[in-house]
Each structure stands twice: as C-alpha cells, then as structure tokens.
Amino acid sequence: MDAIVEVRDLAKQFKRQNGEAFFAVDGVDLDIMRGEIFSLLGPNGAGKTTTIAMISGLLNPTRGSATIGGHSIIDDPIAAKKLLGVIPQEIALYPTLTARQNLEFFGRMYDLDGAELRTRVDEVLEFIDLTDRQHDKVETFSGGMKRRVNIGVGLLHNPQLLYMDEPTVGIDPQNRRRILDTVVRLRDEKQMTVLYTSHLMEEVQQISDRVGIIDHGKIIALGTVGDLIHKIGEEDRLVFKVGDQAVPEALLERFKAEVEGVSSATYEKLEIKGENGDAPVDIRSTSSLQIADGTITVMAQRGRKALPDLLQIANQAGLDVLSVEVREPDLEAVFLSMTGRALRD
Ligand SMILES: Nc1ncnc2c1ncn2[C@@H]1O[C@H](COP(=O)(O)OP(=O)(O)OP(=O)(O)O)[C@@H](O)[C@H]1O
Ligand SMILES: [Mg+2]
C-alpha cells in the first residue's frame with residue numbers, strides 16, 4: 001500500500017489570549033494509505049481541526065510539510081487540492097436554497113457546469129440519500145440531513161481523498177449511524193481514502209482501519225485499533241457457551257498449552273434452580289429437570305486470532321460450542337493508559 005498523504009513534523013503555533021505562545025499542533029508525522037479510513041481521535045482542543053486546516057491548505061504551518069499524492073500543499077496547492085474534498089466541522093450551506101441548488105452552487109465553484117454538473121449533483125444526491133428531498137430548502141432540514149448535504153458538497157468533484165472533521169457532532173444517533181455508514185461506503189464503493197476526526201472513541205473504533213490518537217498537538221499512539229490496545233497489554237476475553245456439556249480440566253490445559261497468547265482458561269457452570277429453591281427446573285423442556293449454562297472464559301492476547309485454534313481443539317475434544325463472544329478492550333483504555341486522563345467531554 002502506498003501513502004496518499006505524507007505529513008512530516010507539522011506544527012502550528014498560536015497565541016493564547018494572554019499573549020503566551022503555544023503549539024496547537026506540535027510535530028505531527030503521519031502517513032495515510034490509499035483506500036483506508038484513518039481517524040484522528042482526541043479530546044476537544046487536541047489539535048484535530050488545526051491539523052486538518054494545515055494539510056488542506058487553509059492554514060500555513062509554523063514548520064513542517066504535508067503532501068497529497070506527492071504534491072506539496074504549500075508549494076503546489078492547486079495540484080494537491082484537486083485530489084482533496086474537505087467537509088468542515090462547521091456546516092456551511094445556504095439555508096434559503098434547496099439541497100440541489102446548494103450542490104449546484106458549490107459544484108460551479110469546482111468548475112463543474114452543464115450536463116456534467118447535473119449528472120454529478122444527481123449522483124451525489126443519490127449517494128447521500130436525499131434525492132426525494134432535493135427541492136426542499138435546506139432551512140427545513142434536520143441537523144443530520146444538513147450534515148449529509150455538507151458531505152455531498154465535499155464529494156462533488158469526486159476527490160480521491162476526503163477530510164471529515166467531526167461530522168457527527170450534534171447529530172442524533174440514527175443520523176449518526178447513517179453518516180458512519182456513508183463513510184464506510186465511500187471507502188468500499190468509491191475506493192476513497194478518508195481522514196476522519198472525532199472525539200468519540202466508539203465511532204472511531206467502529207469505522208477506522210487505523211487510528212492516530214492526538215493529545216496536546218502530538219500523536220501519542222498510532223496503529224490499528226487492535227495494535228493500540230494490544231500495545232497497552234490488555235487482553236481480550238473470549239466467552240464460550242457450552243450449555244450442560246461436561247468440560248474436562250484437560251481441555252482447559254490444552255487451550256493454555258497449545259494456543260498462542262492464551263494466559264488463562266476457566267470453566268464455570270451456572271445451574272438455574274426452580275422456584276422452590278431446591279428442585280431444578282428446565283425452562284426448555286419438561287422431560288429434563290435441570291438447566292445448566294456452562295461457560296468457558298479464555299483470556300488471550302489477540303483473541304480473534306486465537307479463536308480458530310481454540311474452536312478446533314474444542315471440536316477435537318467432542319465439545320459443541322453453542323456461542324462465542326469476543327470482548328475486546330477499547331480505545332478509551334488506550335487513551336487512559338497513555339495520558340492518565342479519560343477521553344470524555
Ligand atoms: N486561531 C487560533 N488562535 C488561537 N488559538 C487557537 C486558534 N485555533 C485553535 N486554537 C487553539 O488550538 C488548540 C487546538 O484547537 P483545535 O480546534 O485544532 O482542536 P480540536 O482537536 O479540533 O478540538 P474540537 O474537538 O473541540 O474540535 C485549542 O487550544 C484551541 O483553542
Ligand atoms: Mg475541531
């Protein structure tokens with residue numbers, strides 16, 4: 001895979017209101033690969049928007065460089081910006097124009113016109129799922145719909161790369177889900193590269209191929225979600241439901257001895273008793289008197305990788321695994337471990 005964006009030692013100094021200078025972005029190095037969703041995750045004020053503004057040519061860096069498709073955003077901004085669509089944090093649309101009129105207006109700014117403009121606007125409306133509302137004024141739209149028009153504007157010139165700066169802020173959960181789906185579809189259906197920013201770890205974790213965690217203007221962790229979590233040494237918990245089957249101790253020993261990364265394997269049987277306290281009742285069948293819910297819990301580094309081997313060993317031992325759940329530690333744990341602070345608002 002090759003990088004479409006290369007950022008080296010990028011920095012921006014601002015002055016606080018009391019006149020004191022500080023670095024809002026302080027030496028960021030970043031490669032964004034073609035076709036990936038790369039997220040910058042960081043708390044409010046971490047430097048996400050400032051980074052995006054510099055690598056989209058809206059703000060001059062104090063030092064460092066950024067290239068898009070090999071073109072410097074500082075020395076060759078026209079070539080660099082051709083590849084780029086930007087969806088800013090603040091929604092910028094004309095409220096009294098319709099969705100279609102907004103897209104046409106911004107399309108002309110990208111030098112589109114005539115049949116080409118009409119076709120692009122049709123395609124974009126279809127993609128953001130607003131074809132049936134295209135002739136309604138934007139001022140009558142919900143926040144989520146406005147955000148979708150905003151995304152549409154960034155897609156008009158069919159960029160290879162899209163920057164989305166916190167597109168889900170202030171959007172209700174249903175529309176948020178839709179925006180996240182749109183981001184994934186941009187990658188999967190349009191082969192687009194997406195640079196996504198957010199301070200919400202759940203959504204970053206859901207959609208990203210790779211994540212950079214930014215705090216006080218510095219990238220403090222970089223990698224896939226799995227990489228970052230495993231770097232801090234937290235293990236996955238794999239939970240196997242086995243019903244009322246017997247689980248020999250030898251099986252648990254084999255899990256630990258034969259599967260890489262497994263640190264522990266334990267078996268627990270929950271017996272559900274009837275109302276009178278001692279006579280067990282089976283809610284599934286009247287012919288059996290007892291319901292038992294057996295659970296094997298395995299702690300492992302890279303649980304998903306260990307899973308096929310664990311299942312194969314269980315299978316060899318004649319055990320029928322009824323369900324499997326993999327519970328992974330999350331990026332919140334990573335941020336906490338790196339900064340000693342929570343990522344929350
Ligand atoms: N033009 C400016 N002048 C002075 N300080 C600024 C300016 N723009 C941003 N800052 C400061 O730089 C820091 C980084 O801001 P930035 O907007 O990049 O953060 P962010 O990660 O995008 O945060 P949010 O999640 O709130 O959008 C903050 O302390 C902010 O107050
Ligand atoms: Mg911001």
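Note that ligands are numbered from 1 as they come in the structure, with each ligand's atoms numbered from 1 the same way. These figures come from a predicted structure and were not determined experimentally. Throughout, residue positions are numbered sequentially from 1 according to the sequence presented.
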If the cut-off is 2.8 Å, does any N/O/S atom of T50 fall short of it from the Mg ion (ligand 2)? no

Does T197 put an N, O or S atom under 2.8 Å from the Mg ion (ligand 2)? no

At the 4.0 Å heavy-atom cut-off, does K15 count as touching ligand 1? yes

Return the residue, atom name and 0.1 Å-rounded distance of the protein heavy atom closest to [atom].
| atom | value |
| --- | --- |
| atom 11 (C) of ligand 1 | F22 CZ, 3.7 Å |
| atom 18 (O) of ligand 1 | T50 OG1, 2.6 Å |
| atom 17 (O) of ligand 1 | T49 CB, 3.7 Å |
| atom 26 (O) of ligand 1 | N44 ND2, 3.1 Å |
| atom 14 (C) of ligand 1 | G45 O, 3.3 Å |
| atom 9 (C) of ligand 1 | F14 CE1, 3.5 Å |

Correct closest heavy-atom pair for L84 and I55 would be CD2-O, 4.3 Å

May I ask you to list the atoms of ligand 1 that are less than 4.0 angstrom from any heavy atom of E166? 24 (P), 25 (O), 27 (O)

Out of all atoms in ligand 1, which are within 4.0 Å of some heavy atom of Q89? Include the element for each. 27 (O)

Within 45° cone and under 6.0 Å: R148 NZ/CZ vs F141 ring: no

Using distance alone, decide if ligand 1 has a nitrogen or oxygen within less than 3.5 Å of any nitrogen or oxygen in T51. no

Polar contact flag for G47 and ligand 1 (N/O pairs, less than 3.5 Å): yes

Would you mind checking if R120 and D113 are paired as a salt bridge, meaning a charged N to carboxylate O distance below 4.0 Å? no

Using a strict threshold of under 4.0 Å (side-chain N to carboxylate O), is an ion pair present between D181 and R177? yes

